Amino acid sequence: KGKKAGRRTVVAFDADMLGDERHRRFIERELRAALLMDELELHYQPVFSAATMTIKSHEALVRWRHKVRGMIPPGQFVGIAEESDLIDRLGDWVLRRACADLPALGSDSVAVNVSPAQLRHADYAARFAAVLMETATDPRRIIVEITETVPLNAGGVAMANLEALRAMGVRIAIDDFGAGHASLQYLRGFAFDIIKIDRTYVANLADSRIDAMIVSAICDIARSLPVEVIAEGVETQEQLAKLKLAGVTGLQGFLLGRPAALVRERRASAA
Ligand code: C2E
Ligand code: MG
Ligand code: MG
Ligand code: MG
């Protein structure tokens, strides 16, 4: 492994020290500057086909390389970006970069995480299409991952955007399936292409019969829809074996490949 031990992830900002509101505004200001100064980067984690155990796509995961504080994970800034127009700028940057990187990734497709906040704009799908056009990207090679945290109302703007993307050939995935409250209702309301089972189910697979049964049941439902099922957070051989048995179609997790910058990714695939 060519992993640099020195590249640590730090708890970048101490909310207690600043107070919640001041903390939020501080990060917002810094992030706005970071977008201008090109301090963000994408790391890519491979997703494997369960049938062939070859890489079929990569998920793009944003990181903030702060000049003083080091590498900041998305959990520390995406939520704050979602409270303003910053999420739209961040999202556009992520899509454009992922499309530009796709030829070098060496996989069929790339998955980007899209915040429900981005889908609230009526022109989202049109702007998305413009980026694909600019970067000469085939829409069928893009997967959009959305979390089930926000209700998808029939006839709503978010739903219209998803339908427009899907009509273009973009595949739509439900992320963290089972972690929210709307899982089954989501499946009823929209023709998703991919279900990504939340990693908490995968983590409990060895000890919990219930979790194993739920994973199998999701795979059964998915097979008859038909929808692809990707298991997230695969960390052990035991989990891998159980997931294959349950019938997942895709596998993603530290056991198979960690998120990595594109340079390392290319070196790894050349070896
Ligand atoms: P997610 O979309 O569910 O991404 C998977 C997360 O699980 C990633 O964390 C990944 O590093 C981590 N992971 C992958 N395999 C394993 C494993 O085997 N074990 C464990 N413990 N974790 C694993 P990361 O990169 O910190 O991202 C966290 C979340 O931040 C993402 O969850 C996604 O919701 C959000 N996010 C990341 N990039 C973007 C982005 O560009 N835009 C938006 N809106 N959200 C993003
Ligand atoms: Mg995701
Ligand atoms: Mg997830
Ligand atoms: Mg998530």
Side-chain angles (χ1 to χ4, degrees), residues 3 7 9-12 31 34-35 39-48 57-65 71-99 101 109-121 124 128 131 142-150 158 171-180 183 186 192-206 218 228-240 243 248 250-261 265:
K3 197 168 172 259
R7 183 168 296 161
T9 294
V10 292
V11 177
L31 185 55
L35 273 159
E39 280 183 10
L40 297 182
E41 53 185 67
L42 290 184
H43 284 193
Y44 293 97
Q45 184 177 30
V47 178
F48 287 77
S57 66
H58 285 87
E59 178 175 4
L61 296 157
V62 71
R63 271 96 182 90
W64 179 0
R65 188 188 292 278
M71 197 70 91
I72 307 176
Q76 290 190 28
F77 61 90
V78 168
I80 289 166
E82 280 173 340
E83 290 172 28
S84 73
D85 66 312
L86 264 179
I87 192 62
D88 305 307
R89 307 239 235 123
L90 179 93
D92 287 350
W93 182 89
V94 166
L95 178 63
R96 190 168 271 111
R97 175 54 55 88
C99 287
D101 285 347
S109 51
V110 67
V112 293
N113 291 282
V114 170
S115 160
Q118 297 172 256
L119 296 173
R120 287 195 210 114
H121 301 288
Y124 180 73
F128 194 106
V131 173
I142 303 294
I143 297 163
V144 158
E145 298 191 1
I146 60 158
T147 48
E148 45 171 348
T149 46
V150 153
R171 279 168 288 164
I172 314 291
I174 316 185
D175 207 347
D176 306 337
F177 188 80
S183 306
Y186 253 52
F192 284 93
D193 300 281
I194 300 165
I195 292 170
K196 298 190 75 171
I197 300 180
D198 190 66
R199 71 163 180 270
T200 54
Y201 292 92
V202 176
N204 291 333
L205 220 45
I218 294 171
E228 269 191 66
V229 179
I230 296 171
E232 305 189 295
V234 185
E235 293 183 352
T236 69
Q237 290 290 350
E238 185 183 4
Q239 290 165 357
L240 180 72
L243 289 163
V248 303
L251 296 152
Q252 180 179 4
F254 293 168
L255 177 71
L256 300 166
R258 287 181 177 260
E265 199 69 51

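One is the number of the first residue; the rest follow in order along the sequence. Everything quoted here is computed from the prediction, not taken from an experiment. Numbering of ligands and ligand atoms starts at 1, following listing order.
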Where's the contact between [X] and ligand 1, heavy-atom distance under 4.0 Å: side chain, backbone, both or neither?
| X | answer |
| --- | --- |
| Glu82 | neither |
| Val234 | backbone |
| Val94 | side chain |
| His43 | neither |
| Arg199 | side chain |
| Glu232 | side chain |
| Gln252 | neither |

For [atom], tell me which residue out of [options] has the closest non-hydrogen atom.
| atom | options | result |
| --- | --- | --- |
| atom 44 (N) of ligand 1 | Pro73, Ala231, Gly91, Ser115 | Ser115 |
| atom 31 (C) of ligand 1 | Leu255, Thr147, Ile146, Leu61 | Leu61 |
| atom 22 (N) of ligand 1 | Phe77, Phe254, Trp93 | Phe254 |

Problem set entry | Opening angle at the Mg ion (ligand 3) [OD1, Asp176; OD1, Asp175; to 10 degrees] |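 Computed angle, vertex at the Mg ion (ligand 3), rounded to 10 degrees: 90°.
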[X]: numbered ligand 1 atoms lying under 4.0 Å from its heavy atoms:
| X | value |
| --- | --- |
| Pro259 | 11 (O) |
| Pro74 | 24 (P), 25 (O), 26 (O), 27 (O), 28 (C), 30 (O), 36 (N), 37 (C) |
| Glu59 | 1 (P), 2 (O), 4 (O) |

Taking all heavy atoms of [X] and all of [Y], pick out the closest pair and write down the distance.
| X | Y | value |
| --- | --- | --- |
| Arg96 | Val131 | NH2-CG2, 3.6 Å |
| Gly233 | Gln239 | O-OE1, 3.8 Å |
| Ala111 | Glu145 | CB-OE2, 3.5 Å |
| Ile146 | Val114 | CG2-O, 3.7 Å |
| Ala98 | Tyr44 | CA-OH, 3.5 Å |
| Ile87 | Ser115 | CG1-CB, 3.7 Å |

For this session: Anything under 30° is parallel, anything over 60° is perpendicular, the rest tilted; go ahead and classify Tyr186 against Phe192.
Result: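 Aromatic pair Tyr186/Phe192 classed parallel.
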For this session: Among the N/O/S atoms of Glu59, select the one at the shortest distance from the Mg ion (ligand 2) and name it.
Result: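 In Glu59, the N, O or S atom with the shortest distance to the Mg ion (ligand 2) is OE2.
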Seminar exercise, completed: Closest to the Mg ion (ligand 2), among the N/O/S atoms of Glu145, is atom OE1
Problem set entry | Test item, Arg258 contacting ligand 1 (heavy atom, 4.0 angstrom) | no
Exercise. When you check the side-chain N and O atoms of Glu59 and Asn113, is any donor under 3.5 Å from an acceptor?
Worked result: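 Yes, Asn113 and Glu59 have a side-chain donor paired with an acceptor closer than 3.5 Å.
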Exercise. Purely on distance, is any nitrogen or oxygen of Ile87 under 3.5 Å from one on ligand 1?
Worked result: no
Exercise. Do any N/O atoms on Asp175 end up under 3.5 angstrom from N/O atoms on ligand 1?
Worked result: yes
Exercise. Can you tell me if Asn113 has an N, O or S atom under 2.8 Å away from the Mg ion (ligand 2)?
Worked result: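 True for Asn113.
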Problem set entry | Contact check: Glu232 to the Mg ion (ligand 2), N/O/S below 2.8 Å |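 Checking Glu232: none of its N, O or S atoms is under 2.8 Å.
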For this session: Rounded to the nearest 0.5 Å, what's the gap from CD1 on Ile143 to CD1 on Ile172? Could you check?
Result: 9.5 Å
For this session: Output the distance between atom CD1 (Ile230) and atom CG (Leu243), rounded to the nearest 0.5 Å.
Result: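 So the gap between those two atoms works out to 12.0 Å.
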Exercise. Taking only residues two or more places apart in sequence, or in another chain, which ones meet Ala206 in a side-chain contact (heavy atoms from CB on, under 4.5 Å)?
Worked result: Glu238
For this session: With sequence neighbours left out, write down each residue that passes side-chain contact (heavy atoms from CB on, under 4.5 Å) with Arg63, or none if nothing qualifies.
Result: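 If we apply the side-chain contact (heavy atoms from CB on, under 4.5 Å) test to Arg63, skipping adjacent residues, the hits are Glu41, His43, Leu61, Met71, Pro74, Pro259.
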